[in-house]
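Just so you know, these numbers use all the heavy atoms, side chains as well, and skip hydrogens, waters and symmetry mates. Just so we're clear, the structure is a prediction, and the values are computed from it rather than from any experiment. Within every chain, numbering begins at 1; the chains are lettered A, B, ... in the order of the sequence lines, protein sequences first and strands thereafter.
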2 protein chains.
Amino acid sequence: MKRIAESTVRRLSLYLSFLEGIDRQGLKTISSDELARLGGTTSAQVRKDLSLFGSFGKRGLGYSVPELSGKLREILGLGKQWRVCIIGAGKIGAALARYRGFAERGFNVTAVYDSDEAKIGKRWENLTVRPISELEKDATKQDFDIAVVATPAENTPAVAKQVVRAGIKAILNFAPVQLSVPSDVTVRNVNMAMELEGLSFALSNRGE
Amino acid sequence: MKRIAESTVRRLSLYLSFLEGIDRQGLKTISSDELARLGGTTSAQVRKDLSLFGSFGKRGLGYSVPELSGKLREILGLGKQWRVCIIGAGKIGAALARYRGFAERGFNVTAVYDSDEAKIGKRWENLTVRPISELEKDATKQDFDIAVVATPAENTPAVAKQVVRAGIKAILNFAPVQLSVPSDVTVRNVNMAMELEGLSFALSNRGE
DNA sequence: ATTAGTTTGTGAACTAATTCACAAGCGCCA
DNA sequence: TGGCGCTTGTGAATTAGTTCACAAACTAAT
């Protein structure tokens with residue numbers, strides 16, 4: 001399969017969320033044009049995105065909502081349950097552990113790690129915070145798919161190394177650091193400061 | 001000034017965070033090559049990004065760390081204090097109100113709104129949750145720069161309308177909905193589901 | 001002063017992503 | 001069955017973004 005751009009994957013994800021809404025409204029079909037309007041893009045973009053994976057529509061009619069949802073879920077790998085561990089039991093880690101949206105989409109948080117003695121052993125929801133030194137050993141049994149990294153910037157490169165050694169192939173990184181990992185490990189960065197600064201930039205450079 | 005791509009702004013923001021780290025280490029200069037390595041990009045990219053705003057380096061030497069930090073802060077509009085309101089007093093809103101990173105960068109949360117009677121009047125940190133119906137009136141006095149929207153998807157389009165009517169020109173949107181706003185309003189979307197699905201996609205399509 | 005060693009700034013070349021534009025397919029109706 | 005209106009799927013054209021590659025500028029050393 002040819003390489004798929006990250007922007008394409010983001011849009012597919014967006015289309016899926018729209019389709020779920022449309023489905024709840026009971027509508028049976030939708031055109032690329034309507035999807036585009038919802039997603040703030042063009043109908044050609046929608047069709048191009050989908051055409052990378054097959055042809056799911058009917059000319060003159062559009063796309064069947066349940067069928068396309070199913071295809072997108074399949075493409076995005078949402079059929080299965082993913083095992084997620086959270087690393088870093090600070091503010092962000094805590095918020096994420098409580099976040100219901102994870103489980104709803106098949107992302108099950110099955111462990112939390114930290115290096116801080118004071119936090120280790122504490123109970124969080126139905127999990128106990130474990131020492132990060134145990135990650136590699138635990139991983140052989142638990143077989144984590146995804147590590148959510150929410151550690152202080154300075155510790156994060158070391159944490160990333162441990163995650164990689166534990167054989168985890170996907171990282172959602174909340175630390176404001178660029179992780180260097182082998183090419184078979186996928187990293188997504190979430191960085192609030194960057195988003196805010198984007199807005200700040202836009203506000204400052206209005207109309208120039 | 002010519003249009004600056006969002007990807008460029010993200011990188012500038014990243015460079016700034018690296019420069020701050022470098023500065024704490026006491027280093028005085030840095031080359032585009034080192035900055036590139038930290039940011040997982042190329043030196044040509046770094047230089048091109050900066051060259052959009054001026055020429056800040058010295059050939060043969062690199063960039064002065066404090067000088068470049070200052071320039072980037074200026075470019076990103078971080079010189080001033082921004083007034084931020086949070087709309088939606090749910091889980092995400094609560095986490096954001098507690099988040100220290102906002103104030104550290106000059107983003108001051110000065111009000112919280114919700115439409116739910118049960119939440120209105122509750123105290124949050126040093127703020128009281130106010131009815132969203134008051135947003136437009138309040139805005140004339142408080143002059144918000146940025147609205148952080150963390151409301152349920154179905155209410156969000158209506159909320160966005162109110163934000164626009166209140167004259168706010170920048171929105172950080174946590175709802176999984178594409179906001180339609182006038183072109184002078186800037187929107188940034190943060191969507192955890194999308195990030196997770198990106199990882200899920202990557203894991204599912206390994207080596208094809 | 002000259003040379004060697006760096007590193008910037010930037011056109012030009014290239015690569016990637018988006019949009020255009022239209023033939024082909026489908027449903028509906030007469 | 002044939003024609004009309006609509007919508008997909010996709011090459012081609014366009015636009016945006018990245019990388020190359022090199023002259024110019026600077027430091028340090030001799």
Electrostatic pair B:D184:B:K169 at N-O distance under 4.0 angstrom: yes

For nucleotides 10-14 of chain C, print each protein N/O atom paired with a nucleotide N/O atom at under 3.5 Å, atom names and distance only.
from, atom 1, to, atom 2, distance (Å)
C:dG11, N7, B:K48, NZ, 3.4
C:dG11, O6, B:K48, NZ, 3.4

A:R3 side-chain N/O to C:dA16 phosphate OP1/OP2 under 4.0 Å: no

Any B:T42 side-chain N or O less than 4.0 Å from OP1/OP2 of D:dT19: yes

Separation of atom CG in A:D33 from atom P in D:dT8, rounded to whole Å: 8 Å

Length of the line joining A:K28:NZ and C:dG27:P, which is rounded to integer Å: 17 Å

Rounded distance in Å - CG (A:L61) to C1' (D:dG9): 15 Å

Value in whole Å for how far the C1' atom of D:dA25 lies from OH of B:Y63: 13 Å

Residue closer to the 5' end of DNA chain C, A:T8 versus B:G60 (nearest nucleotide): B:G60

Side-chain heavy-atom pair B:V148, B:V84 within 4.5 angstrom cut-off: yes

Between C1' of C:dT18 and CD1 of A:I4, the distance in whole Å: 15 Å

Proximal nucleotide (of C:dT8, D:dT19, C:dT18) relative to the B:T41 side chain: D:dT19

pair A:F53-A:K71: side-chain heavy atoms closer than 4.5 Å: no

Whole angstrom value for the distance that separates P of C:dA21 from CD of A:Q45: 16 Å

Side-chain donor-acceptor pair present, B:T42, B:Q45, cut-off under 3.5 Å: no

B:S64 versus B:T29, side-chain donor and acceptor atoms under 3.5 Å: no

Residues B:S200 and B:E197: side-chain donor-acceptor under 3.5 angstrom: no

Atom-to-atom span, CD of A:E34 to P of D:dT7 - whole angstrom: 8 Å

d(CG, A:L52; C1', D:dT8) in whole Å: 15 Å

Any strand: nucleotide that pairs with C:dT8 via Watson-Crick or wobble, under 3.5 Å: D:dA23

Parallel, tilted or perpendicular, as decided by the 30° and 60° cut-offs, for the rings of A:F107 and A:W82: parallel

